[in-house]
Amino acid sequence: LVVLPLLSGCTKKTNEILIGEYDSLTGSDATFGLSTNKGVRMAFDEVNDAGGIKGKKLSLITLDDQGKNEEAAAAVTRLITQNNVVAIIGGVASGRSKAAAPIAQSHKIPFVSPASTNPDVTKIGDHVFRVCFIDPFQGFVMAKFATENLKIKKVAILRDVKNDYSVGLADVFNTEFKKSGGEIVADLSYQAGDIDFKAQLTQIRSKNPEAIYVPGYYTEVGLIAQQARQLGIKAPLMGGDGWDSEKLFEIGKQAINGSYYSNHYTTESTDPAVTEFVKKFKAKYNETPDALAALGYDAAKILIAALERSADLSSKSIRDELAKTKDFGGVTGKITLNENRDATKSAVVIQVDGNARKYMTTITP
Ligand code: PHE
């Protein structure tokens, strides 16, 4: 990477505030970026319709990382060095945030991840923020749900070793489930892009687990569910936020029904912030917003609030204002960015019920 002269603060003399966004808009994680982008655009449109910020309109430049770490890095380089954005919203997949955020950090451009939950992401530096909870909590949530709600003792793990998020979450679950008295009867792996999981599932079947924890992304999870049922495994699957896609049921079909995952919000909430958001989103896009749409919206709103407080709209002052985010009433909960630039929030557990996401419980930190 060639580090060009710092462009921080170089907003061009225009009537626009340029904000960059990159995510997976194509590839096997495409709904991550497509949903996030809808949430971000909705927030930006609301501000622009109301006259913009300090007389300027927000302008969003969105690039596709195709689900590849190196493309995420290239996208951020381009947004900063060619498009001169003052801030970046980006990074659903933790692995891609880990590849891309160091570039924003080195150029001193604030980077807000809506959804990357791996703890290492914000450790990259003081310009990297996230508006979601982190995986040490998310792994604890499912271990607690398995122990206290499902009352099970024997779980197998199937992790994606090519995915930083999956590996981190599998490790946390392993530790937390054992701490609460459970036993991990198998801990096996696959790699994103695999399509045949029968060897691992056959091994898992021989251990008779009461559930299988699969903290991966929806495409592989759907296939794993199908193949588990084909092999006669009846135990439910459990997972994390990486399951949250309308494609999960399309790929997993009946096989994924009844399985559980942790997530950032539920559309069943009666909180006015949620009902209002869901109503507006459906009116605009004619679909029910998933967690990424909600997190994209919250990330954009938090950035907008920082832009409004910023005296000169320079990247430096935007960064400083982001760091002061406190008690922000988001769709996904009340958001305060702590000294590690992370948010502490509750999680919900969802049961897959066809295309619906059935709310089970809320677990607070
Ligand atoms: N938390 C996941 C990761 O860090 C990304 C994700 C968030 C996916 C929310 C779906 C929904 O990789």
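The side-chain heavy atoms of Tyr22 and Arg78, taken from C-beta on, include no pair separated by under 4.5 Å. You'll find the side chain of Thr344 reaches within 4.5 Å of the side chain of Asn338, heavy atoms only. At least one side-chain heavy atom of Lys56 sits less than 4.5 Å from a side-chain heavy atom of Leu313. Here the side chains of Phe328 and Val131 are not in contact, with every heavy-atom distance at 4.5 Å or above. Residues Asn208 and Val185 fail the side-chain proximity criterion, which asks for heavy atoms closer than 4.5 Å. Within the 4.5 Å cutoff, the side chain of Phe111 has no heavy atoms near those of the Gln105 side chain. Looking at Asp187 and Arg159, their side chains come closer than 4.5 Å, going by heavy atoms from C-beta outward. The side-chain heavy atoms of Leu79 and His107, taken from C-beta on, include no pair separated by under 4.5 Å.
Applying the salt bridge (charged side-chain N to carboxylate O under 4.0 Å, His left out) test to every pair with at least one member in residues 111-135, sequence neighbours left out, gives these pairs: Lys98-Asp120, Asp120-Lys123, Arg130-Asp342. Listed by first and then second residue, the salt bridge (charged side-chain N to carboxylate O under 4.0 Å, His left out) pairs that reach into residues 249-265 are Lys247-Glu250, sequence neighbours excluded. Residue pairs meeting the salt bridge (charged side-chain N to carboxylate O under 4.0 Å, His left out) criterion with at least one partner in residues 20-41, sequence neighbours excluded, are Asp29-Arg96, Lys38-Glu287. Within the structure, the salt bridge (charged side-chain N to carboxylate O under 4.0 Å, His left out) test picks out no pair touching residues 226-242 (sequence neighbours left out).
For Glu70, the side chain to side chain contact (heavy atoms under 4.5 Å, CB included) test picks out Lys68, with sequence neighbours left out. With sequence neighbours excluded, no residue forms a ring pair (Phe, Tyr, Trp, His ring centres under 6.0 Å) with Phe129. When the side chain to side chain contact (heavy atoms under 4.5 Å, CB included) test is applied to Lys284, the partners found at least two apart in sequence or on another chain are Met42, Asp45. Under the side chain to side chain contact (heavy atoms under 4.5 Å, CB included) criterion, Leu25 pairs with Leu34, Thr62, Asp64, not counting sequence neighbours. Tyr165 pairs by the ring pair (Phe, Tyr, Trp, His ring centres under 6.0 Å) definition with Tyr217, not counting sequence neighbours. Applying the ring pair (Phe, Tyr, Trp, His ring centres under 6.0 Å) criterion to Phe44, with sequence neighbours excluded, gives no partner residue. For His127, the ring pair (Phe, Tyr, Trp, His ring centres under 6.0 Å) test picks out no residue, with sequence neighbours left out.
Side-chain contact check for Asp164 and Asn118: no donor-acceptor pair (N or O, by modelled atom type) lies under 3.5 Å. With 3.5 Å as the limit, one finds a donor-acceptor pair spanning the side chains of Gln138 and Ser262.
Side-chain atoms of Gln227 come within 3.5 Å of backbone atoms of Phe197 as a donor-acceptor pair (strictly under, hydrogens ignored). Glu176 contributes no side-chain N or O that, together with a main-chain N or O of Lys144, makes up a donor-acceptor pair within less than 3.5 Å.
Ring planes of Tyr285 and Phe281: tilted class, angle from 30 to 60°.
The environment of NZ in Lys162 is sparse: at most 12 heavy-atom neighbours from other residues, nucleotides or ligands sit within 6.0 Å. In this structure, Asp196 places its CG atom where more than 12 heavy-atom neighbours from other residues, nucleotides or ligands lie under 6.0 Å away.
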### Message
Checking Leu18 against Val86 for the side-chain contact (heavy atoms from CB on, under 4.5 Å) test, could you report, in this order, the C-alpha distance in whole Å, the side-chain angles of both residues, the deciding distance, and whether it holds?
### Response
CA-CA 6 Å; Leu18 291 177; Val86 288; 5.7 Å; no
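A salt bridge links Lys316 to Asp320: one of the charged nitrogens lies within less than 4.0 Å of a carboxylate oxygen.
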Taking only distance into account, with no hydrogens and no angle test, what donor-acceptor pairs under 3.5 Å do side-chain atoms of residues 288-297 form with protein atoms, sequence neighbours excluded?
| residue | atom | partner | partner atom | Å |
| --- | --- | --- | --- | --- |
| Asp290 | OD1 | Ser35 | OG | 3.2 |
| Asp290 | OD1 | Leu292 | N | 3.1 |
| Asp290 | OD1 | Ala293 | N | 3.0 |
| Asp290 | OD2 | Ser35 | OG | 2.8 |
| Tyr297 | OH | Glu46 | OE1 | 2.8 |
| Tyr297 | OH | Glu46 | OE2 | 3.2 |
| Tyr297 | OH | Lys280 | NZ | 3.4 |

